There are 2 protein chains.
Amino acid sequence: MENKRELFQSMVKRFGLLNKNCCTVDDVEISLVQSHILYEIDRREWPSMQQVADALATDLSTFSRQVQSLMKIGLVTKVPSSADKRISVLGLTEEGQKVALAIQRDMEEHLEEIFSHMTEFEQDMVLQSIKLLNEAMAKSSVCCKPMY
Amino acid sequence: MENKRELFQSMVKRFGLLNKNCCTVDDVEISLVQSHILYEIDRREWPSMQQVADALATDLSTFSRQVQSLMKIGLVTKVPSSADKRISVLGLTEEGQKVALAIQRDMEEHLEEIFSHMTEFEQDMVLQSIKLLNEAMAKSSVCCKPMY
DNA sequence: ATAAATACTTGCAACTTGCAAGTTTATTTT
DNA sequence: AAAATAAACTTGCAAGTTGCAAGTATTTAT
């Protein structure tokens, strides 16, 4: 019954490797961190820098520079909010959306492939379990600031 | 039924944050990467550099330097193998073992806390699922070189 | 005996990180 | 209404991490 840590460590490690492969689309090559930024911008409605930096548990200064580089390669937009000019609102360019979508599809595909090694029953159980785990972690006092 | 990626991303992110907190013991403070190295050395019987670097999917040169810094703070030992003098055999110092154990306990404790938010039935199911997932990923063609 | 392979180490150059200090705009206090 | 405080960023810096290419030492293959 024990060695939870080992099980988790192993799984997270594998998933991390999976993630790493998924960042080249067309002729655009982005880092893992950058792909996470695209992902977070994509799933939010015009988030501020703060919001995304918080979600990724990254220092705002670090994040600021990452956004700059994503703007430079034309994947992300940043416009000052008209309501509060301190705030910058982030979005994806058309190209950024394309890249985010391609990565998303790639990941889904890989997850499907992984799931294909299990029975349907097992697949359901695993998904159910991940959900439970996320909920438990959200309730936990010891971890996990990001609020998604 | 869809949005597997979101579920996984979220879980991995949370677990990563959990991991990050767990690296200060007594007055020794180590990085996440270093804690993983200790972990991998601990669970193997006198591994070589290659073996651990492979397990962590790190470049050997990077790994070499990380080991150097861990030796400098007195947590890791490295001795040339007598059988093959090209090979260096890694181990933990007494202090290194203490640190590895403390981190291990810390992680177990946190995982227990997280699990405490679920029923016993759910806990079993989740553990079972993680095992299944690891097996499926091991079978997968798209990911996950590390062979543990 | 020579060539090729293995297990590392080091130099480099690029990138990432967080902290501290600064700028601009918004809110609170007096 | 003016001054102080706070919030949302940006930039300078210094430290650390990374991988590649090129090197050394040892072992295996030819």
Side-chain angles (χ1 to χ4, degrees), chain A residues 13 16-17 19-21 23-24 28-38 40-41 44 46-73 75-91 145-147, chain B residues 13 16-17 19-21 23-24 28-38 40-41 44 46-73 75-91 145-147:
Chain A
K13 184 86 203 170
L17 290 175
N19 250 329
K20 249 185 200 166
N21 299 331
C23 300
T24 307
V28 185
E29 186 165 347
I30 63 176
S31 73
L32 182 58
V33 183
Q34 289 176 323
S35 85
H36 283 146
I37 295 175
L38 294 189
E40 290 298 331
I41 295 177
R44 288 179 157 73
W46 304 110
S48 70
M49 304 265 294
Q50 274 293 355
Q51 281 168 8
V52 181
D54 282 351
L56 294 171
T58 308
D59 189 86
L60 191 59
S61 70
T62 303
F63 183 70
S64 169
R65 278 181 268 249
Q66 281 162 344
V67 167
Q68 282 168 29
S69 66
L70 284 169
M71 281 170 39
K72 197 173 291 174
I73 58 178
L75 301 182
V76 163
T77 60
K78 190 181 74 178
V79 295
S81 157
S82 49
D84 184 338
K85 285 174 194 155
R86 293 171 303 178
I87 294 177
S88 288
V89 166
L90 298 174
K145 285 126 208 156
M147 56 301 234
Chain B
K13 185 84 204 172
L17 290 176
N19 250 328
K20 249 186 199 165
N21 299 330
C23 299
T24 306
V28 186
E29 186 165 347
I30 63 176
S31 74
L32 183 59
V33 182
Q34 289 176 322
S35 86
H36 283 146
I37 295 175
L38 294 188
E40 289 298 329
I41 295 177
R44 287 179 158 74
W46 304 111
S48 71
M49 304 264 296
Q50 275 292 355
Q51 282 169 7
V52 182
D54 281 352
L56 294 171
T58 308
D59 190 84
L60 191 59
S61 70
T62 303
F63 183 71
S64 170
R65 276 179 270 248
Q66 281 161 345
V67 167
Q68 283 168 29
S69 66
L70 284 168
M71 282 170 39
K72 197 174 289 174
I73 58 177
L75 301 182
V76 163
T77 60
K78 189 181 74 177
V79 294
S81 157
S82 49
D84 184 337
K85 284 172 195 157
R86 292 171 305 177
I87 294 177
S88 288
V89 166
L90 298 173
K145 286 125 207 156
M147 54 302 235

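None of the values given here were measured: they were computed from a predicted structure. Here is the naming used below: chain letters follow the sequence lines, and residue numbers restart at 1 for every chain.
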Nearest-Å distance, [atom1] ([X]) to [atom2] ([N])?
{"X": "Met49(B)", "N": "dT26(D)", "atom1": "CE", "atom2": "P", "value": "16 Å"}
{"X": "Glu29(A)", "N": "dC15(C)", "atom1": "CD", "atom2": "C1'", "value": "14 Å"}
{"X": "Leu56(A)", "N": "dT16(C)", "atom1": "CG", "atom2": "P", "value": "14 Å"}
{"X": "Gln50(B)", "N": "dT9(C)", "atom1": "CD", "atom2": "C1'", "value": "12 Å"}
{"X": "Ile30(B)", "N": "dG16(D)", "atom1": "CD1", "atom2": "C1'", "value": "15 Å"}
{"X": "Lys72(B)", "N": "dA15(D)", "atom1": "NZ", "atom2": "P", "value": "14 Å"}
{"X": "Leu90(B)", "N": "dC8(C)", "atom1": "CG", "atom2": "P", "value": "8 Å"}
{"X": "His36(A)", "N": "dT16(C)", "atom1": "NE2", "atom2": "P", "value": "15 Å"}

| Residues in contact with DNA chain D, drawn from residues 80-88 of chain A - heavy-atom cutoff 4.0 Å |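 By residue number: Arg86(A), Ile87(A), Ser88(A).
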Hey, is the side chain of [X] poking within less than 4.0 Å of OP1 or OP2 on [N], counting only N and O atoms?
{"X": "Gln51(A)", "N": "dA8(D)", "value": "no"}
{"X": "Lys78(B)", "N": "dA7(C)", "value": "no"}
{"X": "Ser64(A)", "N": "dT11(D)", "value": "no"}
{"X": "Gln34(A)", "N": "dT16(C)", "value": "no"}

Listed partners of [X] passing side chain to side chain contact (heavy atoms under 4.5 Å, CB included), at least two apart:
{"X": "Arg65(A)", "result": "Ser61(A), Gln68(A)"}
{"X": "Thr58(A)", "result": "Leu56(A), Thr62(A), Phe63(A), Gln66(A)"}
{"X": "Lys85(B)", "result": "none"}

| Should Ile30(B) and Leu75(B) count as side-chain neighbours, where that means a heavy-atom distance under 4.5 Å? |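 Answer yes - side chains close enough.
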| query | Is the closest side-chain heavy-atom distance between Pro47(A) and Glu40(A) below 4.5 Å? | reply |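 Counting from C-beta outward, Pro47(A) and Glu40(A) never come under 4.5 Å.
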| query | Could you give the distance from OG (Ser88(A)) to CD (Gln50(A)), rounded to the nearest 0.5 Å? | reply |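 That separation rounds to 11.0 Å.
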| Roughly how far apart are Lys78(A) NZ and Met71(A) CE, rounded to 0.5 Å? |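 Going from the NZ atom of Lys78(A) to the CE atom of Met71(A) covers 5.0 Å.
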| field | The single option from Val76(B), Ile41(B), Thr77(B), Leu90(B) passing side-chain contact (heavy atoms from CB on, under 4.5 Å) against Leu70(B) | value |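 When side-chain contact (heavy atoms from CB on, under 4.5 Å) is applied between Leu70(B) and each of Val76(B), Ile41(B), Thr77(B), Leu90(B), only Val76(B) qualifies.
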Short heteroatom pairs, N/O only, protein and nucleotides 19-24 of chain D, under 3.5 Å:
residue	atom	partner	partner atom	Å
dG19(D)	OP2	Asp59(B)	N	3.4
dG19(D)	OP2	Thr62(B)	OG1	2.9
dG19(D)	N7	Thr62(B)	OG1	3.3
dG19(D)	O6	Arg65(B)	NH2	2.8
dC20(D)	N4	Ser61(B)	OG	2.8

| In terms of the nearest nucleotide of DNA chain D, which residue is placed more toward the 5' end: Gln68(A) or Ser31(B)? |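 Its nearest nucleotide being more 5', the pick is Gln68(A).
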| message | Applying salt bridge (Lys or Arg N to Asp or Glu O under 4.0 Å), can you list everything that pairs with Asp84(B), at least two apart in sequence or on another chain? | response |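 Checked Asp84(B) against salt bridge (Lys or Arg N to Asp or Glu O under 4.0 Å); matches are Arg86(B).
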